[in-house]
Each structure stands twice: as structure tokens, then as C-alpha cells.
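Lettering of chains follows the sequences in order, A, B, ..., and the numbering in each one begins at 1.
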Amino acid sequence: MADVRVRFSPAPSGSLHVGSAHTALFNWLFARHHGGTFILRVEDTDVTRSRAKWVEGIQTTMAWLGLDWDEGPVLQSTRFSRYLAAADQLIASGHAYECYCTEEELKARNEAAMAAGRPPGYDGHCRDLSPDERAALAAEGRTASIRFRTPDDGVSTFDDLIRGEVSVEWTHIADFVIVRSGGTPLFFLANALDDLEMAITHVIRGEDLLDSTHRVLALRAALGAPDRSVYAHLPLLVGADRGKLSKRHGAVALEDFRDRGYLPEALFNYLALLGWSPDDDREIMSRDELVAAFDLSGVTHSAAFFDYQKLDWFNGQYFRKLPTKEYEALVKPLLPSVDDPGLVSMIATTTQSRVVTLDQVVEMSDFLFSDPEMTPETQELLAETPRVAEVLDAVITHIEQCDWTVDGIAFQPVIKELGLKPKQVMPALYAAVEGRPAGLPLFDSMHALGRERTLDLLRKARAAVPGDG
RNA sequence: GCCCCCAUCGUCUAGCGGCCCAGGACGCUGCCCUUUCAAGGCGGUAACGGGGAUUCGAAUUCCCCUGGGGGCACCA
């Protein structure tokens, strides 16, 4: 497939939904796999307002994910008059007609149809008006919308690259509007014409658009398409209740994932494996590997649940794979400004295997920047720990005299000498120093804090031990 | 209501008539490692929605049912 041309067509909005990103990703993988062209085309036929800022946001987000485009962004609003000319052409060829029904009339007739058990949709009211009838309706002050005339009978069939043959009887597809009575073209028309004129060869999109493909194909044919472009419909992404992925399931805008500290490579990898899998068992795959392995025939047919837990796992995997220096560079800007490179490096090396999303680094290392409070939880923990006063005294003595290196601080022997196991008393010591029963390695943390602050924290804990104080 | 699509562990999926009393991954869980927690290593748990049919043989083919999703706009 030498001349593959695909496009990703987001609606102009303030953010990029993960579902859209998923579609974009598959289009991109397909284009790159076949050495084709990937076009960014923003769907907006409204010329009355500028959405420059939103378009810019879409570009930024796509670039962040690593989806580069070869052409565009093409804005539909710049092609407004072209769409209207096409509509006129369709009227002239008999593929479309002017409809004088008002919105209220349509609504009333739709409701009546539903009540009578018939399907909603245009009833063909203005289908075959004579020129005189049209003139009379126009004289009433009505303005016409333009409707596409769908076939009266027969079956519409097309081969979906993922699902195979899909067909439906034309009687189920009503005539649809392509130009509003206000004179503005609808997305449907714009989309079909753009795909045609941009020589799009493959249209890869969400399954929610499956039914409308029959209409697009009919429109394309009426517009004079020499052949059909090939369609492929991807499984939808769903949330916890198997419905559309929405905000109440968690983050849905790609920008949110970015802001929460997800790595684009991890998101990319995870998204690529939602609804698709390679021939082998690989899961952690680079962009290049994904491009090389990608194949539409490997796409699943059923909706995929967007699993935040698995995404977290991917993100952790990617953090661990990162060279420590690169990881450190990501961590540094998040921390309170410090001029101690040793501290930053200590935080980086100790958090790299512990972090799921980057923003957790701040929480994990907070005790290094401000002393933890003596909380009821910590007090309870101290009270529950066996021989805690003894342990604290011994550790304090050790810290007072030891070599001030991480190895010198290591006080397991002190615990063992008391006949205790580290596991029995460590949570209390972590709480005393870090403010929580588990956290960054204690000896490194103490070293970073310095002898005086460490002793201060340990003595505070000692003073908080109830009973034999 | 009508039309369309879909159906394997809780989740993402492998499977395209015998290699499957179903494989991998996440999750959960046990053990090991270990200064805590992670990470890592080694195990465990758990699925072919139901019913017919075809076949020597069905997760895999066909039909029905059930279930889920999507669509039916002068939205994109």
C-alpha cells in the first residue's frame, strides 16, 4: 500500500479526549506503518468564530503524545464556499433537494411517528416538490435546507477493514440534511467532500460512526468519487459501567494525563494495546516497534475498558526504564527549589522504582522539605511498637556517634542487638522521621536530613512515647 | 420503537476445527529478596453467556435466545 493517506479529524474543543487520541493513534500507526501520509484536519464548518487557541491546543497535545502530522492543520472553515458549491451541484444532479420543513414541524412529525411505532427520521415530505410548490413555500418566508436523497430500496453494503461486510437496507436510512436552512454546511457534507478532495484512502474511526458510513459512501458516490475509500471502525473505549468513557471514571482529557505526570510513551503504548495486539506476547513496546508491528487485522471487534490500573503499571515500567539522569531532569522542576544537587539526586534514585505517576514524587519526599507533624497515627504506632523507648534510645545513641555516611547510619545491628527484628520496629522509625510508616529508604533520608535534624526528629518521637516517658 | 455492531479470566487480550480440561499481561494473592514501602524473581487465583445444529472432533462454523454497546438530529 504505497499511497496511504489518512486523516485525523478532531472537533475543535479545549481538550483532546482519550477516545479521540485513541483514534488518532491508530490512524497514525497505520500511516507510519505503510509509509503514508498523516493529515490533521480540524472539523469546524463554522466561519463565524475563531478557534485558533483550541486548534493550537490540539496540536500541542498531539505533539506531546508523539503524533506528528505531514499535512495540516487543515481548517474546514476555510473551505466553506466549496461545500456550498458541492451542495448546489448535488441539487442539480438530483441527488439532493430543498426542504422547506421547519424544525418545529419536523419535531412534531418525528414525535408522531415514534408514538405510532414508526422509526424517527425524515419522512420525505419535501422530496418531490414541483418548482411551483417550492416557490409558494419560499413566498411564505420559509428558507430551505438541503437534504440528501437516499435510495428508496436496495441494500447498502461495504467492506469494513476490521469487521468485514456490513450492510443495511436503505429503507432504514432517511434523507438527511447537508446544508442548514441558515445556509451553513453540515459536518457530514464537509467531511465527505474533504476526504474526496484530499484523496484520503483509508478512514479509520470509532465504531459510533459505523452506521453513518452508508450515508457517507452514498454522498461520496454522488459527489463523483471514482472509487470508495476504505473504512475501518475501531472498538469504542468504555468506562467502569461499560458506557462511554466520561469524567466520572477519572481523567479523560489527554491534557489531564500529562498534568498528572504520565509519560507520553507510556500512554502511547497503553493506548496502542487497547483494541489491538501484536502477533506475539509483547506489551512494552516502543513507538518504532509498534509502527513496525501494527496491522489493522489485529484490531479487536468489541469495546475496550479503559483500565487506569494497567495504565499505571505501564507508566511505572517506563519510569524504571528511564536513565536515571533523564528521570532526575523530570523530577527536579517539581521539587521546592533547592541548590543541593545531592538531595535532588537522592530523591531521584530513591523514587524511581516507587513512583507510578510523577506527581507522587512531591508527596513521597515532602518530609525532606518540612518536618512532619506528630500525628495521632504516629503516636498510635509508637505505642504499638515493642520496646519502642529502648529502641529509640539505642538508635539515637547510634546516630549521635556513627560515621555520617549512609552505610554508617545503617543501624540494623542495633535493632538486632536488642533481640528485635527490623520489621517489628521500622514502621515506627519511618513514622518518626518521614511522617508515615513506610517511605523512601530511611538511611538515605536521614543522611539527606543531616545529623541534627534527624536527632531532633528521633528525640521528638522519644518524647511522644507514652507511659515510661 | 426500529436498525447496526459486538460477546474468552474482574480488566486488556491470544486463540482463526484437533497443538486448549484455553496461553500472556494488569489486578488480587503466596513465597523469596529486603532497613519500611516499592521494585525485582518464582508460584497461585480466575474465563470460552445459554440452547440447538454441522463434524469423528468446536472457544473456533451456522441458527436462535440472552446480554452489552452504538446509531436513528438543521451536533461534530
So, under a plain 3.5 Å distance rule, would you say the side chain of [X] forms a donor-acceptor pair with the base of [N]?
X: A:D211; N: B:G70; value: yes
X: A:K107; N: B:A73; value: no
X: A:S353; N: B:A38; value: yes

Categorize A:G439 for me: base, sugar-phosphate, or nothing, with a 4.0 angstrom heavy-atom threshold over every strand shown.
base

Using atom CG of A:L311 as one end and atom P of B:C12 as the other, report the distance to the nearest whole Å.
14 Å

Please report the distance separating the C1' of B:C42 from the corresponding atom of B:U34, rounded so that it comes out in whole Å.
16 Å

State the pairing partner of B:C56; accept Watson-Crick or G-U wobble contacts with both distances under 3.5 Å, and report none otherwise.
B:G18

Does B:A39 pair with anything, Watson-Crick or G-U wobble, both distances under 3.5 Å, and if so, with which nucleotide?
none

Going by side chain to side chain donor-acceptor pair (under 3.5 Å), name the residues that satisfy it together with A:T454, two or more places apart in sequence or in a different chain.
none

Could you check, using the six-membered ring where one of them is a Trp, whether A:Y262 and A:Y318 have ring centers closer than 6.0 angstrom?
no

If you measure from the ring centre of A:F443 to the centre of the six-membered ring in the base of B:U35, is it under 5.5 Å, with the planes under 30° apart?
yes

pi-stack flag for A:W313 and B:C26, centroid dist under 5.5 Å, interplanar under 30°:
no

Starting at CE of A:M446, measure out to CZ of A:R451 and round the result to the nearest 0.5 Å.
11.5 Å

Test of understanding: with salt bridge (Lys or Arg N to Asp or Glu O under 4.0 Å), list the residues that count as partners of A:D44, not counting sequence neighbours.
A:R51

